[in-house]
Amino acid sequence: MNDQAKGLLITLFGVLFVVPDSLFVRLIAADALTIAFWRLLLAGGISALWIAATAGLAPFRAVLRSGRFGLIYMIGIGASGVLFVVAVSLTSVANVVFIIASLPIFASLMSRVFLAEPFGARTWLTIAAVVPGLAIIAYGSGETQNASLAGDLLALSVSALFAAALTAARRARAVSMVPGVAMGYTLAACVIAPFADPLSMPLDQAPLVLGHGAVILASSVLLAIGPRFITSAEVGLLVLLESVLAPLLAWAVVGENPGPYALIGGGIVISALLVSNIVLLMRQRAARLRTSAP
């Protein structure tokens, strides 16, 4: 298996593991911060113990030595993990995942500002299509059951924070940020602990809590490894699967109807990003063919 095939497979499994994330938030009978505490503590704590047992403390030191980039990554990952749970508790699953799908737009803007990367017509056209889609989703929050503008704004914050984390990771690309995930999650769990009530979690919810932590742990590790072997366009195409499958899963299991506005707005966002990533992928492949031509 070559590096590209390996990266595609690892990233695909990472995306599939994250699909039930929002459903677990719906199914666990506890307040949002308590769910977020256990979600982050289990995923972060177990991964930290595994890294320490297999590689010692050197990987953690490497992230810390990356300075402000490692710090931004840990804060972005941890804060987005908390706000994601709160957003799902306030608005519909469809709204959250469709809005978070706008992450590549924030990543492009931040890469332009902080990494001086080119910002072409493709990105401008994508933004021009995505913004109206997000506006339709936000407008529908006042008309759709289980949806709210406050939750939508938190989902937008998740998208921006995660994009900031990815931009910092790209700036410090020589350092593996898998330990940063462990530290970011664990740190966020400690920060929200005084505001949560972890011991109030009913014992019969333990299987759901453990399952939730397991899928987040698996997806976090796989999505930190897989994208290192494939292009950003390929990552973007695979990540769109989560935006499509998560609302369908919530609809099938708990009967959460996304509503027409979320479907229309989400369809616009997903379609715009799909076309944008396909165009980027075609350009990258054409460039590789030109480079390899005799």
**Q.** Point-to-point distance, once rounded to the nearest 0.5 Å, from CG of Leu90 to OG of Ser141
**A.** 11.0 Å

Q | side-chain contact (heavy atoms from CB on, under 4.5 Å) involving Leu217 - partner list, sequence neighbours excluded | A | Ala43, Ile46, Ser47, Val221

Q: Output yes when a side-chain donor or acceptor of Asn277 lies under 3.5 Å from a complementary backbone atom of Leu273, and no otherwise.
A: yes

Q | Sequence neighbours excluded - ring-ring contact (aromatic ring centres under 6.0 Å, His included) pairs with any residue from residues 15-45 | A | Phe24-His212

Q: Sequence neighbours left out, what passes side-chain contact (heavy atoms from CB on, under 4.5 Å) with Ile264? Give chain and number order.
A: Ile136, Ile268

Contacts table for residues 62-82: side-chain donor-acceptor under 3.5 angstrom, sequence neighbours left out:
residue : atom : partner : partner atom : Å
Ser66   : OG   : Val63   : O            : 2.4
Ser66   : OG   : Gly70   : N            : 3.1
Ser80   : OG   : Gly76   : O            : 2.8
Ser80   : OG   : Ile77   : O            : 3.0

Q. What is the distance from atom CD1 of Ile137 to atom CG of Leu156, rounded to the nearest 0.5 Å?
A. 10.0 Å

Q. Should Val19 and Leu263 be regarded as members of a common hydrophobic cluster, given that ILVMFWY residues are connected when their side-chain heavy atoms come within less than 4.5 Å of each other, either directly or indirectly?
A. no

Q. What pairs meet the salt bridge (Lys or Arg N to Asp or Glu O under 4.0 Å) rule with one or both residues in residues 37-51, with sequence neighbours excluded?
A. Asp21-Arg39

Q) Mind checking who shares a hydrophobic cluster with Trp50, ILVMFWY linked at side-chain heavy-atom distances under 4.5 Å? A) none

Q. What distance separates Leu23 CG from Leu248 CG, expressed to the nearest 0.5 Å?
A. 12.0 Å

Q: Report the hydrophobic cluster partners of Met110, with the cluster defined as I, L, V, M, F, W, Y residues connected by side-chain heavy atoms closer than 4.5 angstrom, directly or transitively.
A: Val113, Phe114

Q) Going by the ring-ring contact (aromatic ring centres under 6.0 Å, His included) test, which pairs reach into residues 240-271, not counting sequence neighbours? A) Tyr139-Tyr261

Q) Which salt bridge (Lys or Arg N to Asp or Glu O under 4.0 Å) pairs, counting each pair once, include a residue from residues 235-261, with sequence neighbours left out? A) Arg26-Glu256

All N/O donor-acceptor pairs, side-chain side in residues 198-207, below 3.5 Å, sequence neighbours left out:
residue : atom : partner : partner atom : Å
Ser200  : OG   : Asp197  : O            : 2.6
Ser200  : OG   : Asp197  : OD2          : 3.4
Gln205  : OE1  : Ala29   : N            : 2.8

Q: Can you sort out the partners of Ser111 under side-chain contact (heavy atoms from CB on, under 4.5 Å), two or more places apart, ordered by chain and number?
A: Leu115, Glu117, Thr167, Arg170

For a quick test of your reading: what N or O donor-acceptor pairs under 3.5 Å do the side chains of residues 96-107 make, sequence neighbours left out?
residue : atom : partner : partner atom : Å
Ser102  : OG   : Ile99   : O            : 2.6
Ser102  : OG   : Ser159  : OG           : 3.3

